[in-house]
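Worksheet: one structure, shown below.
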Amino acid sequence: MGDRARRTPLSALRDLLAGPVLPAARGLLGCEISAGGVTVRITEVEAYAGTDGDPASHAYRGRTARNAVMFGPAGFLYVYFTYGMHWCANVVTGVEGEASAVLLRAGLVVGGADLARERRRSTVERDLARGPARLCQALGVDRTAYGADLLAPDSPVRLSPPVTPVPDSLVAAGPRVGVTGALDREWRFWIDGDPTVSAYRRHVPRKRAQ
DNA sequence: TGATGGATTACA
DNA sequence: GTAATCCATCAA
């Protein structure tokens, strides 16, 4: 019975996601997400707290139909539509009711590259899943993937532990992209030097300065 | 009910 | 630099 203490990587991932959002975000680096016949190795993520003092979080103002899945248990997919044309995907983390989540910002297509290229305009390998909306497009993720159980074997969107763990020495952190406030929070994590990580761009207001 | 701007991307 | 273009949120 001694080896029962040894956890499988999958249950370790389940525990990680059920914990605090920052370690969960860090731990998602190197994980693989599969959907629509395409597999992506995650290279860049961003953490978002729930109702607990994070104005940038979609759950900041409480539960709505759009963010409902964020308030459920960890390991489910929160998909949202933005800028009138793009889908972005998050992994729900923490305990039920906490509503924290991790945005999947970028990754490397490691399986089903042909399918990914069909869905994306660009055929440049590096750009197939470089950016949160591109990543979703490569995976074919849209509103139909909302609420998918990422750790269930029969789910349309699945998450699996890293094939090779990402060492701490390769993990970099900085402020979140496209977020106006909370620049002091370095809640974006990426694999340092990885070419599929998106370039940091300061948030630009769309209206001209007057 | 109308205004506003967004966890973005592609292109000039 | 700006257009594309739906939707959640907020003021009235």
Side-chain angles (χ1 to χ4, degrees), chain A residues 17 21-22 24-26 28-29 33 40 42-71 76-94 98-109 116-147 150 157 172-190 195-210:
Chain A
L17 296 181
V21 69
L22 294 183
R26 155 68 179 91
L28 280 167
L29 293 177
I33 185 167
V40 169
I42 299 166
T43 59
E44 181 187 1
V45 298
E46 275 174 6
Y48 287 86
T51 51
D52 184 26
D54 182 7
S57 170
H58 287 173
Y60 183 62
R61 293 163 205 287
R63 181 180 176 133
T64 64
R66 178 212 208 187
N67 65 23
V69 72
M70 294 179 77
F71 287 78
F76 287 76
L77 194 70
Y78 165 51
V79 177
Y80 69 91
F81 186 65
T82 192
Y83 289 103
M85 64 197 87
H86 299 302
W87 296 97
C88 295
N90 296 247
V91 178
V92 175
T93 66
E98 183 182 319
S100 52
V102 175
L103 171 69
L104 304 180
R105 279 202 60 89
L108 173 69
V109 173
R117 266 190 292 267
E118 281 177 28
R119 296 192 181 110
R120 297 264 307 112
R121 291 204 170 186
S122 170
T123 56
V124 179
E125 204 73 25
R126 172 200 201 209
D127 291 340
L128 288 178
R130 187 176 184 238
R134 291 164 163 184
L135 183 145
C136 280
Q137 195 177 21
L139 292 170
V141 162
D142 60 16
R143 74 166 74 253
T144 63
Y146 184 95
L150 296 170
V157 189
R176 296 174 290 188
V177 177
V179 172
T180 30
L183 293 178
D184 52 316
R185 299 188 186 189
E186 304 208 317
W187 283 10
R188 171 180 177 239
F189 301 95
W190 67 93
T196 64
V197 171
S198 64
Y200 179 76
R201 287 186 294 201
R202 196 184 91 259
H203 176 79
V204 266
R206 288 181 309 164
K207 255 182 146 174
R208 289 176 300 246
Q210 314 224 350

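Lettering of chains follows the sequences in order, A, B, ..., and the numbering in each one begins at 1.
The aromatic ring of A/Y80 does not sit over the base of B/dA7; the criterion of centres under 5.5 Å apart with planes under 30° is not met.
Within 4.0 Å (heavy atoms only), A/R176 reaches no atom of the nucleic acid at all.
At whole-Å resolution of the value, CE in A/M85 and C1' in C/dA3 are 8 Å apart. Distance A/R143 CZ to C/dC7 P: 6 Å, rounded to the nearest Å. A/L135 places its CG atom 10 Å from the P atom of B/dT9, with the value rounded to the nearest Å. Across the protein-nucleic acid pair, A/M70 atom CE and B/dA7 atom P stand 12 Å apart, rounded to whole Å. At whole-Å resolution of the value, OH in A/Y60 and C1' in B/dG6 are 17 Å apart.
No hydrogens or angles were tested; on distance alone, a donor-acceptor pair under 3.5 Å links the side chain of A/H58 to the base of B/dA7.
Checking B/dT8, C/dA8, C/dC6 against the side-chain heavy atoms of A/F81 singles out C/dC6 as nearest. The side chain of A/T82 sits closest to B/dG6 out of C/dT9, B/dC11, B/dG6. Looking at the side chain of A/V179, the nearest of the listed nucleotides C/dC7, C/dA4, B/dA7 is B/dA7.
Side-chain contact annotation: A/Q137 with A/R119, donor-acceptor N/O pair under 3.5 Å absent.
For B/dT9, neither phosphate oxygen OP1 nor OP2 lies less than 4.0 angstrom from any side-chain nitrogen or oxygen of A/R120.
Using the Watson-Crick or G-U wobble rule with both distances under 3.5 Å, C/dA3 pairs with B/dT9. Under the Watson-Crick and G-U wobble criteria, each requiring two contacts below 3.5 Å, nucleotide B/dA3 is paired to C/dT9.
Between the C1' atoms of C/dT2 and B/dG5, the separation comes to 15 Å (whole Å).
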